[in-house]
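Per chain, numbering begins at 1; letters A, B, ... match sequence-line order.
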Amino acid sequence: MPYEFLEDIATADIAFHAWGDDLEEVFKSAGDALINTMIDNLEAIAVTETRTFQLENDELDLLLFNFLQEFVYYKDSELLLLRAQQVQIETKASGYHLTAVTRGERLDRDRHHQRVDVKAVTLHQFQLEKTDNGWTSQVILDI
Amino acid sequence: MAPVDVLNQISDVIWEIPVSYKEGMRVPARIYGTEKLIRELDDAVYDQITNVATLPGITKYALCMPDGHFGYGFPIGGVAAMDVDQGGVISPGGIGFDINCGMRLVTTNLDYKEVKPHIKRLVDKLYERVPAGVGSAGFVKLSRNEFRKVAEQGAQWCIHNGYGWEEDLELTEEQGCLKGADASKISEKAIDRGAHQIGTLGSGNHYLEIQVAKRENIFDKNLAKAMGITRPDQVVVMFHCGSRGFGHQVATDYLQSFLKVMESKYGIKILDRELACAPFHSPEGQAYFSAMQCGINMSFANRQVILHRIREVFSQVFERSPEDLGMHMVYDVAHNTAKLETHVVDGQERSLLVHRKGATRAFGPGMSDLPYRYQEIGQPVIIGGSMETGSYLLTGVSTGDQTFFSTAHGSGRTMSRTKARKTWQGQQLQKEMQQKGIYVRSTSHAGLAEEAGGAYKDVDEVIEVAELAGISQRVVKLTPIGNVKG
């Protein structure tokens, strides 16, 4: 599990630290951490539906912020629990462009063990950084 | 451990951080609490409340209520009044994503003995009829256009459509509708997220609780009577929820819109991106103000529809009409808002945009917007404690001007959700609560563990501070007997 939930920050919310060998991996890990905040058993999410995210932003960390928001959006609008299968990030003159293929299924109260609902992704102490070993991020989710 | 040595003690329960604490502070910050509560505060609260003190237009103090704790942007319990005629800003981080997350309290004319034999059936039916948890959809099916009407009309839409009584509106803050709401300022995404969520509770610290006003917990008989608490061991229903995915998306949309213009167009520099803001009198500020009022209205409508379901359930279980059961509202209060209010500051009337994030408006006797029945006693303030320890009903007081008539909103957390989940086990907690006479249903055992009473401050101490400081007055403490946990 390339992420961990943090005990010492964000009293009423949920904070996590996610990491990966490259940028694509850290995005995927952070996406899973967000869904895992809501659902205990990620392995129970079948991959029957596909949604593709296409996003762009001038700032790389805000691209991650936008990417995470998409999971929250589909959870409410279509009751879909999604996990990123492929993430591609390109740098263009107009900024950073992301294409992500996500797959999952509609929330099933019997099979998916609920934790707490995520209201929003916050920008408080939001971090995305390159390290010697790859990339890390820290995110606080509003609960 | 909090850096308490920077504080100047103003009274037994008021502590000030001077402007010298951080570069850019325009006003001092004031935190309400006993010395014990202050010492237990997370360092982040100091950082967050002093960041708030740097925002343009902030007037007098950046305030943190006695239940304050680690938030994002503002701390939870943060109050800041921005002078809109002096470049004052509006900030989604000072309101929260869950716009108008709030409380509603409803009476019955039943006493504990009459309700006790039915508690399991009541809670089970409420759990069934008021959907809670991740995602979730309510029973009210609306077209996108009809949902826009809800956003503009709030609880009034509900009354026109048969979900409540005319008297409910008078007993709701702002009569359940902010007229400045403009649905053209909300995104399609916000509608996608919220259109099917009216009548749903949500999750986290949201709940619906059946409570008892025990005779020994009435602090002021006359005030209690004026609020409809008239019988010994009277049963009431309290619930806490907000504007659901709709409000969350409105805040998310404008947070990003403000980030784009804040510095480049308005020259505003902030210390935390979550404090993104725009001048109130700017096209962006005004657009968010209108959209945020849609969020407030949707939340009033959500609580109104939930009240309708509660009345249906009680009526079904007791085979009497809700009117016959005396199911009248005490009041409905908002927690996460920014409202344009007139306050007297240093002898002068000023137009202030009062941000309250995890704080309750607490208007004193005689103030405008109070229903006729509360004109003499002040505004009812509904404080949701933890599901184990109890809640309070307070009233606003005339000395509340020190906080722009704001007070606490709950007991305030002291432990993170992640740590609480490691400390308690949901199923075990559910059993223990049942042994104590509290029957709980939840969509999530993990979520239940996160809400354990031990993860919160001592609600009695928090409320005592609010009373000692002169920002509200105790009326009744309410004890839980049944709970639907989101």
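B:Thr252 touches chain A through its side chain: at least one heavy atom from C-beta onward sits under 4.5 Å away, while N, CA, C and O do not. There is no contact between A:Leu80 and chain B, counting heavy-atom distances below 4.5 Å. At a 4.5 Å heavy-atom cutoff, the contact between B:Leu255 and chain A is made by side-chain atoms alone. Residue contact with chain B, scored on non-hydrogen atoms closer than 4.5 Å, is absent for A:Asp58. Neither the backbone nor the side chain of A:Asn57 comes within contact range of chain B; no heavy atom of the residue lies under 4.5 Å from a heavy atom of that chain.
If you tally non-hydrogen atom pairs under 4.5 Å between each of B:Gly486, B:Ser136, B:Ala251 and chain A, the highest count goes to B:Ser136. Chain A forms more heavy-atom pairs under 4.5 Å with one residue of B:Arg273, B:Gln197, B:Lys422, B:Met415 than with any other, namely B:Arg273. Taking chain A as the reference chain and counting heavy-atom pairs below 4.5 Å, the highest number among B:Leu275, B:Val134, B:Asp98, B:Asp192 is found for B:Val134.
Between B:His355 and B:Lys357, every side-chain heavy-atom pair lies at or beyond the 4.5 Å cut-off.
Within a 6.0 Å radius of NZ in B:Lys141, other residues, nucleotides and ligands contribute more than 12 heavy atoms. Heavy-atom neighbours of B:Lys265 NZ from other residues, nucleotides or ligands within 6.0 Å: above the threshold of 12.
Side-chain N or O atoms of A:Ser137 include none that pairs as donor or acceptor with a backbone N or O of A:Leu128 at under 3.5 Å.
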* To do: Before giving the answer on ring pair (Phe, Tyr, Trp, His ring centres under 6.0 Å), spell out for A:Phe67 and A:Tyr96 the whole-Å C-alpha distance, their side-chain angles and the decisive distance to 0.1 Å.
  => CA-CA 12 Å; A:Phe67 171 75; A:Tyr96 298 98; over 10 Å; no
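Residues of residues 445-453 of chain B having a heavy atom under 4.5 Å from any heavy atom of chain A, listed by number: B:Ala446, B:Gly447, B:Glu450.
Taking the six-membered ring where the residue is Trp, B:Tyr254 and B:Tyr288 present tilted rings, their angle falling between 30° and 60°. Ring geometry for A:Phe53 versus A:Tyr74: interplanar angle under 30°, hence parallel rather than tilted (30 to 60°).
A ring-centre distance under 6.0 Å is not found for A:Tyr3 and A:Phe16.
Judged by the 6.0 Å and 45° rule, A:Arg115 forms a cation-pi pair with A:Phe5.
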